[in-house]
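Okay, structure first, notes after.
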Amino acid sequence: MPVRTNQGMGGKDYYSILGVSKDADEDTLKKAYRKAALKWHPDRNPDNKELADKKFKEISEAYEVLSDKQKRTIYDQFGEEGLKGGMPEGGPAGAGGFAGGFPGFAGFG
Amino acid sequence: MPTAMPAPTPTAERGDERGREPMTVSPEPSIRSRSPSLPPGSHYIGIDLGTTLLRLCAYHPDLQTVRFVPNERDKRKTPCFVAFPDDIELVESGRKACDPVVGEEAQRWLFKYPKATVFSWAQLVGLKFDDERVAFYQRYAPYRLVKDKYARVCVEIEHDGRQKHYRPEDLTAILLTYARQNAEQALRHPITGSVITVPAGYTLLQRDATKEAARQAGFQHARLISNAAAAAIAFGFDRPAHPTSVTEYVLSFNLGAAHIDCAVVGIDEEVFEVLASAGDVGFGAADVDVRLLMHFVQDLSKQSNRKLTSLDLLSLRFGAEKIKKALSTADSISHTIQLSSGAYAMTMTRELLETLCADFFDRCLVPIQQVLVEAKMDITKISKVVLSGGGSHFPKLRDRISSLFPGNHIYDFALIDKHKAVGYGAGIESALLSGMRSPNITNYLLIDSLSFSLGILDTTTNTIKTLLKRNTALPAQTTVTLRPIPPTTPPTSTPPAPIAVIKLYEGDTTDPKTCHLLATLSTPIPTQDKHITLSIDVDVDRTVLVTLVSDETEKNVRVTDYPMPVFDVSEDWERGVGVTVVGAGERKGQAGGEVEGMEIQD
């Protein structure tokens with residue numbers, strides 16, 4: 001299967017969130033995570049809690065994916081949607097398999 | 001010293017008005033005015049809120065480090081006792097009627113007012129009345145436990161011939177008010193925040209109840225950290241020189257009177273990171289007292305002229321505690337306990353104690369194995385085992401834990417008294433949150449993690465689909481797509497309501513019966529792409545926010561099940577439809593390292 005980059009796939013770019021290159025090894029990832037986590041933990045940003053909260057969540061999510069070999073492989077090929085939607089065929093998650101599953105609901109809205 | 005304080009209005013009379021401040025404490029302008037040089041900002045204290053003892057630890061600007069705060073009797077520890085003696089006694093001792101008394105003074109009333117002197121209630125916080133731990137507690141408590149309108153447990157106090165009900169968190173609030181006043185008096189400045197240690201196995205509900213107690217006690221913010229995390233922080237400041245660029249992994253084990261806490265913590269030059277934690281709440285060193293107590297009761301039953309009253313059981317229970325402590329260092333002890341039928345003299349050996357408690361030690365080891373597996377941490381990567389809490393000093397337990405780890409890994413605190421490690425850690429965290437830095441308190445950050453998984457009920461399988469897994473670093477967020485499930489039953493006269501009902505659970509199994517329902521939420525069934533987007537946000541203080549997006553409608557619900565679970569559904573909820581989770585949205589938390597074929601030898 002051809003390796004696609006996650007650019008242009010619409011999902012988050014976990015590599016740029018952590019500020020590492022695509023071939024970053026485990027140690028580099030960990031160091032980048034620690035550095036970013038320290039910078040953005042809400043306890044370190046008492047005057048800017050909301051932004052820090054958001055940034056920290058992105059950082060830890062990015063590290064969680066990239067530090068897991070299996071998830072990183074999926075992410076490298078299919079981007080964030082590959083992990084969340086479980087839809088390797090591409091396209092928005094759930095667009096194919098579920099359409100028309102329960103027409104009965106149309107009337108409730 | 002302000003040992004007396006206004007009594008909180010008992011729950012029964014207070015009803016449900018959470019906005020009211022039942023614990024208003026009279027301002028103390030003299031204390032405040034004496035600290036003009038105090039830097040602006042928040043001032044936190046560390047509170048080691050144990051089951052049996054309370055310790056306060058705070059930053060000392062002159063010493064540039066943290067120190068334990070003495071109470072009004074100049075002691076560094078206060079027994080967790082609250083008593084409600086009859087008004088006449090209070091007035092005679094120069095207090096106001098209805099004032100609860102706290103600490104050693106309260107302990108003094110135990111035998112005179114056994115139905116109005118409460119102890120060890122921390123393990124009851126946030127429990128349902130029908131929890132088996134409540135029944136077990138009741139067997140050895142002289143006061144009655146009752147059910148409140150939320151089916152939670154309450155303590156019934158007999159005060160001046162009348163019954164009053166206190167929620168466990170109301171009692172904690174009395175203790176924390178005492179703690180705050182005590183610290184303000186000693187430190188001569190107002191205290192705005194607290195770092196409170198709680199068992200690692202506390203649920204969100206138990207944490208919220210504790211935060212409510214802190215709020216009632218006048219703290220604007222309360223950060224709750226586990227006992228195991230606090231002890232790991234103490235270790236980080238106590239440990240010998242370490243190449244700071246290398247992350248050190250420690251296993252922190254804390255055995256309190258009514259909890260076991262265990263955590264794997266990664267420590268480097270600036271971070272304490274809780275990689276995994278686990279615990280057992282309602283089971284701890286006090287269970288050893290109960291084993292001894294049962295042994296004494298059996299022994300006494302052989303003596304024909306002995307009849308045990310409820311006060312005798314109390315005497316035996318506290319006698320058992322003394323004997324247990326003595327046997328941590330001595331091989332055998334002779335002790336006499338005064339009972340209503342006369343003195344009961346006995347000799348107890350450590351060997352017999354260990355026989356009575358064999359399965360107790362087995363159970364203590366369970367969370368250790370759990371955290372190692374969950375942190376994906378190979379045993380050889382653990383550099384030190386940090387033991388803390390009164391119960392962790394049993395020689396047998398030390399031996400058992402030691403045998404799990406190759407080589408000698410049990411850490412002996414050098415600078416800190418091992419009994420005070422938890423309080424010390426809470427004190428350091430409080431200094432860090434107050435923004436205090438010194439050569440002794442360097443700029444560390446505690447990254448804590450979720451204690452239990454959060455998930456929703458997937459109605460296709462009737463199982464819980466985990467969305468945020470335990471041990472995920474906080475703050476954390478996850479977003480998933482949900483699909484409404486059409487009803488499988490044939491259409492009846494009552495069609496389904498146009499809402500999807502989403503049930504949020506806390507727990508680590510897939511069975512909704514064994515997990516805790518946090519909230520029942522609803523959202524309109526989407527008409528366009530037939531999908532609902534659900535986000536769960538948990539902040540550093542474990543406040544849970546759920547966002548539901550369906551078509552153009554967006555709904556934000558702050559989820560806390562204190563004092564009762566969130567029920568954010570219209571009257572049609574029973575006719576609402578369930579949901580299923582589309583795709584794999586689960587977040588598993590990060591790994592501490594690569595492990596293959598990990599095995600723990602026992």
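Just so we're clear, the structure is a prediction, and the values are computed from it rather than from any experiment. Per chain, numbering begins at 1; letters A, B, ... match sequence-line order.
Electrostatic pairing of Glu270(B) and Arg34(A) does not count as a salt bridge here, judged by no charged N lying under 4.0 Å from a carboxylate O.
For the atom pair CD of Glu273(B) and OH of Tyr33(A), the computed distance is 4.0 Å after rounding to the nearest 0.5 Å. Interatomic distance, CD of Glu64(A) versus OG1 of Thr472(B), reported as 5.5 Å (0.5 Å rounding). Atom CG of Asn443(B) is separated from atom CZ of Arg44(A) by 4.0 Å, given to the nearest 0.5 angstrom. Here CG of Asp43(A) is found 16.0 Å from OH of Tyr444(B). Values are rounded to the nearest 0.5 Å.
Counting non-hydrogen atoms of neighbouring residues, nucleotides and ligands closer than 6.0 angstrom, the NZ atom of Lys39(A) reaches no more than 12 such neighbours. The local environment of NZ in Lys555(B) is crowded, with over 12 non-hydrogen atoms from other residues, nucleotides or ligands closer than 6.0 Å.
Contact annotation for Leu433(B): only side-chain heavy atoms (C-beta onward) come within less than 4.5 Å of a heavy atom of chain A. Neither the backbone nor the side chain of Ala52(A) comes within less than 4.5 Å of any heavy atom of chain B. The part of Thr247(B) that comes within reach of chain A is its side chain, from C-beta onward, which places non-hydrogen atoms under 4.5 angstrom from that chain. Contacts of Glu269(B) with chain A are absent, with no heavy-atom separation under 4.5 Å from either backbone or side chain.
Between Pro475(B) and Ser60(A), the closest heavy-atom pair is O-OG, 4.2 Å.
Among Val538(B), Asp537(B), Asp539(B), the residue making the largest number of heavy-atom pairs under 4.5 Å with chain A is Asp537(B).
Side-chain contact between Phe56(A) and Ile447(B): present, with at least one pair of heavy atoms (C-beta onward) separated by less than 4.5 Å.
Of the candidates Leu445(B), Leu474(B), Leu446(B), His41(A) forms a side chain to side chain contact (heavy atoms under 4.5 Å, CB included) with just one, namely Leu445(B).
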